[in-house]
Every structure is written in structure tokens, then in C-alpha cells.
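Below: the structure, in C-alpha cells.
No experiment lies behind these values; they were computed from the predicted model shown. Here is the naming used below: chain letters follow the sequence lines, and residue numbers restart at 1 for every chain.
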Amino acid sequence: MVATVERAPALAPVRRRAPMRRRQARTALAFLAPALLFFALLFFYPLLRELYTSLFSGPRADVYAGVGNYTKAFGDPVARHAFWVTVQYGLGVVVGAIALGLVLAVILNQRMRGRSVFRGILLVPYLTSIAIVGLLWRNILDPDTGILNRVLHSLGLPTQNLLAQHPLATLVGVAIWQQVGYTTVLFLAGLQGIPELYYEAAEVDGASVWRRFRHVTLPLLAPTTLFVSVIGVISAMQEFALPYLVTQGGPDNASDLYVYQVWKTAFGFRDFGYASALSYLLLIVILVLSLVQLKVGSRGES
Amino acid sequence: MSERHRAEHATAAPAPTGPEHSWHAGSPDSAGPGRAAGWTRRGVLGSAAALGAGALTACGGNAPSDRGGGSGDRTFTLYWNAGHGYAAYTKLIEKFESDHGITVNWQKFQWPDLQTKLAADMQSGQVADLVEDDGSGWPLSYAATGDAYPLDEFIAADGEKIGYPNDWQANALRNSRYQGKTYGIPLHLTCNLLFYNKTMFAAAGIEAPPSTWDEFLAVARKLTRGDQYGVALNSDPGYLSPWMLQNGVQYWDPSTRKVMTPVPKAIEAMRFQHDLIYRYKVSPAPSATADYEGPEKLFVAKRAAMMISGPWDFVPIKKTAPDLDYGLALPLKRDVRATNFAGSGVFIPAKARHKDLAWDLIKRLTSLSVENAVTRETGVTMPRKTWAKQSWVQQDKQVGAVARALAYGTSWPNGIDATGKAPQLDDALRSAYQSTIVKNGDPAAAVRNFRAAAAKLVGG
């Protein structure tokens with residue numbers, strides 16, 4: 001009896017809450033519906049449709065090929081080359097942007113005059129359209145009419161044909177130039193979240209500047225570094241605009257990045273099935289890389 | 001060189017595409033009776049369906065409005081090159097609209113974007129009524145997949161009246177015919193020829209432009225001094241073609257399915273260009289950029305005395321260096337005096353909704369009066385023989401020079417698009433050419449590598 005008496009008040013609210021929760025759920029669903037619809041129409045459907053297309057070949061993607069496009073990709077020297085070029089590009093851009101961004105963030109984190117102006121200037125390339133960036137650097141690097149060689153010439157230095165001699169490294173440099181402002185801002189935010197107390201304590205213990213950076217700054221910036229590297233890897237693996245605008249993958253395919261190759265396969269060679277398969281393989285690679293990075297990052301944090 | 005190789009390159013990312021959609025906004029809700037108030041399943045589904053329908057309507061709004069079909073469809077969709085929206089064509093299209101009571105949805109793209117758009121269109125089945133192509137053989141490529149419409153019926157009815165094909169330069173028709181049928185009509189016809197700086201020539205005591213490769217090399221050496229080059233070569237592989245043709249090299253032989261024959265001649269032509277840069281140092285090494293404007297920049301900056309180019313550079317030169325005194329010479333000669341045709345054409349996609357109207361527009365676009373109007377307005381040269389023979393064309397300093405050079409023109413692609421592998425072959429050729437011209441590689445290896453790649457793609 002006692003138990004019944006005790007249960008009664010507990011059950012009553014449950015009965016009352018259930019319709020409320022359902023109402024809340026419906027309301028939530030109603031508000032979420034546009035977003036869900038948006039994702040369903042513009043994300044999930046194309047994703048599934050692309051998976052379907054990847055199982056076909058021919059200019060109209062109407063000849064069933066099963067997993068043929070996927071097995072073809074593994075034996076395709078052009079795709080392998082493009083993937084390898086992309087890995088080099090991605091490593092260069094991510095490592096370069098993180099290293100340079102961290103250095104700049106540490107510098108700009110000091111109390112100095114014009115700090116806000118420098119931060120603003122650093123962000124300008126990131127805010128500039130990639131189309132403009134591509135055209136800008138194409139003109140700057142032109143061996144005969146570009147500013148770079150004029151400056152080198154006026155300084156008595158040998159002129160360069162960077163897009164012919166080091167096309168991939170040059171694209172990496174342009175990408176770092178564009179992205180480093182964003183990376184710097186993220187690291188700055190991370191730096192400003194580190195309590196001053198830690199540095200004071202380290203200083204009292206006699207830690208040098210390097211040791212403070214090594215044992216205080218870097219570990220506490222780990223989440224920011226993880227975020228920047230994950231975003232950077234995803235972005236670098238998907239790079240299309242720079243090779244398209246600056247080098248068209250040349251010379252002699254030296255800067256033929258993977259997504260540019262996918263685009264050529266789809267819209268140039270009209271092989272949508274194979275291009276879809278290549279895209280899916282890239283999706284898998286990016287997913288795996290991101291998961292590995294997150295796993296490693298979470299270990300580091302713990 | 002086809003116009004695709006000297007196209008105004010796009011800066012925009014390619015338009016997204018997707019397979020044909022067959023959406024249904026929703027099905028009737030068979031759930032139980034709804035509630036009087038609050039959100040019901042029916043309500044949510046209904047809203048979602050309404051939103052979905054709205055979204056689809058919005059998507060439809062972006063598509064050309066002639067896609068609806070039916071007798072009420074009064075929109076004609078025309079895909080065009082962005083640089084070819086001339087006043088003469090605008091006027092013609094306005095007349096076409098009023099004559100037929102139709103609205104022309106005139107969409108203009110840079111060549112690479114137009115190529116992307118077409119590929120997406122053919123995949124989705126939603127196509128324009130008439131398309132300008134880059135003159136290299138797109139109609140053949142689309143004919144091979146059943147995506148281009150044969151024009152023979154129209155030509156049988158109207159060909160004699162409009163002078164087709166007899167009044168068109170015969171070589172220019174090579175990229176329009178597939179398996180005995182005609183799929184495209186040439187619209188513009190241009191070619192490469194030799195541009196030379198008259199002031200530099202006079203200063204060096206050179207009285208006439210070179211005519212042969214040997215003379216060309218001698219003049220280029222004489223004019224190379226300091227930071228001035230005798231010639232500026234292009235990194236775009238399209239500029240390889242005149243040298244090859246002058247050395248008797250055929251890009252594509254349909255009977256044997258082989259490329260770059262005879263091989264020793266092809267290697268020799270490739271080596272000659274390589275040597276101009278790396279052995280004789282009369283040309284700077286071109287940059288590996290996505291454009292083809294490097295030589296023109298050096299020419300107007302008076303840092304290159306000669307370049308191989310075409311009428312597409314007339315306007316840029318006039319704008320950037322109006323005082324530049326330059327001359328135009330006939331194409332060079334090695335085994336034969338020759339140059340490659342460039343230009344553009346028009347074709348009707350197989351699924352076009354207004355094929356009759358498209359043919360009517362083709363007839364208007366290619367009439368002699370319109371050709372004359374366009375040439376007078378822009379300097380663009382034309383494929384009709386009667387156009388080239390006119391005295392005002394012959395007497396015009398620039399247009400006349402191109403018209404005379406057209407007599408030595410031939411089709412470099414030579415129908416290779418019918419293989420369906422032309423873009424892949426172009427890509428392989430770009431790689432081979434750049435490995436030699438930009439990266440100082442072995443010309444013989446470049447030709448061999450290209451032939452090996454071609455053998456994999458098209459056999460032979």
C-alpha cells in the first residue's frame with residue numbers, strides 16, 4: 001500500500017509529461033524540418049545519387065559497371081599520381097599554415113602597437129575570393145611580366161620561373177599565404193584562452209621562454225591545433241580552384257590535384273561514373289584521416 | 001589551334017551538376033484523422049511537402065524556361081561564347097525573336113565553362129536549342145554519343161539556297177561530319193599567322209618577315225638582345241599545331257587510328273620549338289599558367305619581336321599598345337606552308353525542343369550580310385568563300401591578311417573528336433608539349449609518350 005501511495009505521485013507526472021514531450025518533439029521537428037529538408041535535398045540525395053552513379057560507366061553513366069570504377073581507380077596511374085600530388089600538397093599546406101600561423105599568433109599576442117591592424121591585414125587574403133587570389137598570383141609569378149621577377153631583377157638576384165620549375169611548391173605557398181590569416185586568428189583565440197597564471201608559475205619556476213612555449217603554450221593549444229589540422233586536411237584534399245585557375249594541373253601534370261582530376265574526368269572526359277567513384281574514394285580517405293586525427297587529438301588531450 | 005586552346009579562361013568554379021531528378025513532392029497522407037490544434041504528423045508532412053514543392057519550383061526557376069515543353073513553350077535557349085556577344089548578333093536575335101514571337105534565352109559562357117555546362121546538360125537531358133562550339137569538333141563528340149542532331153534534312157531543304165557546303169572553305173568542314181552525316185556548321189573561321197614588330201625589324205635592318213623556318217630562326221637570333229627576345233612561344237599546346245602542319249605532320253589519321261604521323265617529322269617539329277627556347281635562347285621559356293596570353297604580353301611590351309597568334313589578339317593589342325606598329329605575315333613554311341584553322345561553329349543538341357527554329361537561326365547567323373557586319377564590327381574572320389573574296393575584305397590590312405592566310409589553313413583535329421576521346425588526347429598532348437617546352441624535356445620522348453597514351457585511348 002505504502003508502495004502504491006509512493007508510486008502514485010511518481011507516475012502521475014510521467015503521464016502528464018509524455019504528451020508535453022511529444023508536443024515538444026513535434027515543435028522541434030517543425031522547426032528542424034526546413035533544415036532537414038535542405039540537407040535531404042541538397043546533401044543526402046546527391047550523395048546517394050553519386051554513389052549510385054559511381055556504379056555505372058559511359059558518357060551517360062548508363063552502363064552498369066558494379067564496382068568496376070572503384071577497382072579501376074586503384075589501378076589507374078593518373079588517379080594514383082593525382083592522389084600522391086594531393087597528399088604532398090595537403091601536407092605542405094597544413095604543416096606550413098599551422099607553423100606560420102602559430103608563429104604569427106604568438107607574435108601578435110604580444111602587447112604591441114598596431115596589433116589590430118596587423119591582424120586585419122593578415123585576414124585579407126583569407127577573405128579574398130579564391131578566383132582573385134589565383135589570378136593575382138598568376139600575374140605576380142609570370143616570369144616575364146610579373147612583379148616578382150622585376151623585384152628580384154632590381155635586387156640583382158636571379159629571376160625565377162616558379163610555375164615551371166616548382167609548380168606544386170608554388171601552389172602550396174599561395175595556399176599558405178591565403179590561409180595563414182585564418183589559422184593565426186584561431187591560434188590567437190586559443191592563446192588568449194590560456195590563463196596568465198600558468199606562465200607566471202612557470203616563470204617563477206625558472207622556465208625559459210622556449211620551455212614555457214613548449215610545456216604551456218603548445219599543450220594548451222592542442223585543441224586549436226587539432227581543429228586547424230582537421231579542417232586544413234579536409235580543405236587541402238578538396239582543393240580545386242588553385243590548380244584550375246593557376247596551372248591547369250601543369251606543367252606535365254606536376255600540379256594535377258585529385259579534385260581537379262575528378263573534375264576533368266567528369267566534365268572534360270564525360271565519365272561521370274568514374275568521377276563519382278573517385279569522389280567517393282576521396283570521401284572515404286577524408287573520413288578516415290579526420291577520424292584518425294580526432295582519435296590522436298583526443299589521446300593528446302587526455 | 002582550336003579556340004578551346006586560346007579561350008578566355010574562366011575564373012568561376014564549374015557549375016555543379018547532378019543526375020536527372022524525378023522528385024515527387026509527397027504522397028497523400030493516409031494517417032488517421034488529424035487533431036484540431038497543434039502540429040500533427042499530417043501537418044508536418046504537408047509542410048515538408050509544400051516546402052519541397054517550393055524548393056523544386058525554385059530549382060525549376062533557375063533552369064531555362066523552355067524546358068517545360070508543349071505548345072506553349074516560347075523560349076529558345078542559346079548557348080554562346082562570352083566573347084562573341086556582338087552587336088550584330090544582338091540585333092539579329094532581336095529580329096529572330098520578333099519574327100517568331102519567341103524569347104531567346106541567350107546564355108554566354110567562357111569556353112571551358114560552356115564545355116562543362118554541355119557535359120552536365122547531356123547527362124541530365126536538359127539541353128539548349130542551339131549551341132556555339134569552339135570549332136574543334138564538339139559536334140562530332142556529341143554525335144558519337146547520340147547527343148547531337150544531324151542537320152542533313154535541313155541541308156537537303158535549304159543547303160543550295162544558303163550555299164552550304166560549297167560556299168564554305170572545304171577544310172573547315174572536317175570537324176562537322178560523323179559517319180556520313182553533318183552535325184555542325186562553321187560560324188567563324190580564323191587561323192594562326194606570324195605577327196612581327198615592324199619597328200624592331202627596321203631597326204635591325206630586316207626588310208621582310210621570315211617565310212621559312214630557317215629564315216625565322218635567323219631573324220629571331222638577330223632580334224634577340226638584352227631582355228628582348230626574337231620570338232615568344234606559348235605554353236598552350238594548341239600553338240604546337242602550325243609547326244606540326246608545316247612539317248607535314250598529321251595529328252590524327254582516321255584510317256590507321258594513329259596520332260602524330262610521320263613520327264620523325266613530329267619529333268623534328270617538337271624539337272625545333274624546344275631548341276628555340278633552350279638551344280638558341282631566342283624565346284623565353286613559357287610559364288605554365290592556365291592562360292595563353294604570355295606571348296601577347298611580351299609582344300605589346302616590345303620584349304618579343306615576333307609571335308605566332310591569330311585575330312583574337314587584334315583587340316587586346318589595340319587596347320594595350322595602340323601605337324605598336326606590327327605586321328602580319330603568311331604562315332611559315334617547312335615542308336609546306338600551312339596553318340591550323342580555329343574559329344567556332346554551331347550545332348543542335350539531339351534533345352533540343354526547337355530544332356526548326358534553331359536551323360532558322362543558323363541560316364541567319366551564317367548569312368553573308370551578318371558575316372560582313374560581324375567582321376566590320378570586330379575583325380573576326382569568316383568561313384564563306386564569298387566573304388573572303390570580297391574586295392573590302394582583301395583590302396583591309398588585318399582582316400585581309402587573315403583571309404589570305406586562311407587559304408593555307410587546315411583542320412588540326414581532323415575529326416579526332418569522333419573517337420570520343422579527344423579531351424583525353426588533348427590532356428595527354430598538353431602534358432607532352434609542356435614536358436618539352438616548359439620543362440626542357442626530351443622532344444622525342446614527349447612525342448613517344450603521347451603516342452603511347454593515344455594508343456591506349458584509341459588503339460592504332
Side-chain angles (χ1 to χ4, degrees), chain A residues 23 26-27 29-30 33-34 36-38 40-42 45-46 49-50 52-53 58-61 78 129-132 134-135 138-139 141-146 153 161-165 167 240-241 243-256 263-264 266-272, chain B residues 9-14 16-19 21 23 38-41 43-44 47-48 51-52 55-56 112 115-117 119-120 122-123 141 144-147 227 229 232 235 284-291 294 297-298 301 303-304 420-421 423-424 426-427 430-432 434-435 437-439 441:
Chain A
R23 277 202 301 277
R26 284 178 201 134
T27 308
L29 187 62
L36 290 174
L37 192 70
F38 176 84
L41 281 175
L42 300 177
Y45 173 75
R49 185 70 201 220
E50 191 177 7
Y52 178 75
T53 306
R60 289 181 183 167
V78 175
S129 154
I130 188 68
I132 304 294
L135 291 172
R138 206 166 86 182
N139 284 316
L141 297 169
D142 188 295
D144 299 303
T145 56
H153 184 69
N161 191 348
L162 291 176
L163 288 175
Q165 292 155 348
F240 168 78
Y244 177 73
L245 291 164
V246 181
T247 59
Q248 297 219 319
D252 194 14
N253 297 326
S255 59
D256 191 9
W263 175 80
K264 273 199 296 189
F267 297 104
F269 308 159
R270 290 182 67 196
D271 194 345
F272 289 95
Chain B
H9 286 276
T11 55
T17 186
H21 290 237
W23 288 96
W39 286 90
T40 63
R41 185 180 298 129
V44 170
S47 304
L51 280 166
L56 290 173
Q115 200 170 13
T116 302
K117 176 79 174 156
M122 299 308 182
Q123 174 76 355
S141 171
T145 54
D147 291 313
D227 66 346
Y229 291 98
S235 66
S287 180
T289 59
D291 66 33
K297 286 180 189 167
L298 286 174
R303 289 190 54 209
K421 298 290 180 187
Q424 290 94 323
D426 276 356
D427 201 46
R430 173 181 291 275
S431 181
Q434 290 185 339
S435 72
I437 304 303
V438 179
K439 292 176 75 179

Looking only at B:Lys439, B:Lys297, B:Met122, B:Lys421, most heavy-atom pairs under 4.5 Å shared with chain A are made by B:Lys439
In Å and rounded to the nearest 0.5 Å, what is the CG to CG distance from B:Asp227 to A:Asp144?
-> 9.5 Å
How long is the span from the OG1 atom in A:Thr247 to the CD atom in B:Gln434, to the nearest 0.5 Å?
-> 8.5 Å
Cut-off 4.5 Å, heavy atoms of chain A, and the answer for B:Ala301 is neither
Contact check, side chains of B:Asp147 and A:Arg270, non-hydrogen atoms, under 4.5 Å | yes
Under the side chain to side chain contact (heavy atoms under 4.5 Å, CB included) rule, collect the residues that match up with B:Ser287, sequence neighbours excluded.
-> A:Pro143, A:Asn161, A:Leu163, B:Thr289
Report the residues that fulfil side chain to side chain contact (heavy atoms under 4.5 Å, CB included) with B:Ala144, sequence neighbours left out, ordered by chain and then residue number.
-> B:Tyr178
Per-residue contact mode, A:Pro46 against chain B (heavy atom under 4.5 angstrom) = neither
Side chain / backbone / both / neither for A:Ala164 at chain B, heavy atoms under 4.5 Å | both
Under the 3.5 angstrom rule, does the side chain of A:Arg60 hit a backbone N or O of B:Thr145 as a donor-acceptor pair?
-> yes
Is it true that a side-chain atom of B:Arg430 and a backbone atom of A:Gly250 form a donor plus acceptor pair closer than 3.5 Å?
-> no
Atom NZ of A:Lys264: over 12 foreign heavy atoms under 6.0 Å | yes
Can you name the nearest heavy-atom pair linking B:Ala119 to A:Phe267, along with the distance?
-> CB-O, 3.6 Å
Would you name the heavy atoms of A:Ala61 and B:Gln123 that are closest together and state the gap between them?
-> CB-NE2, 3.7 Å
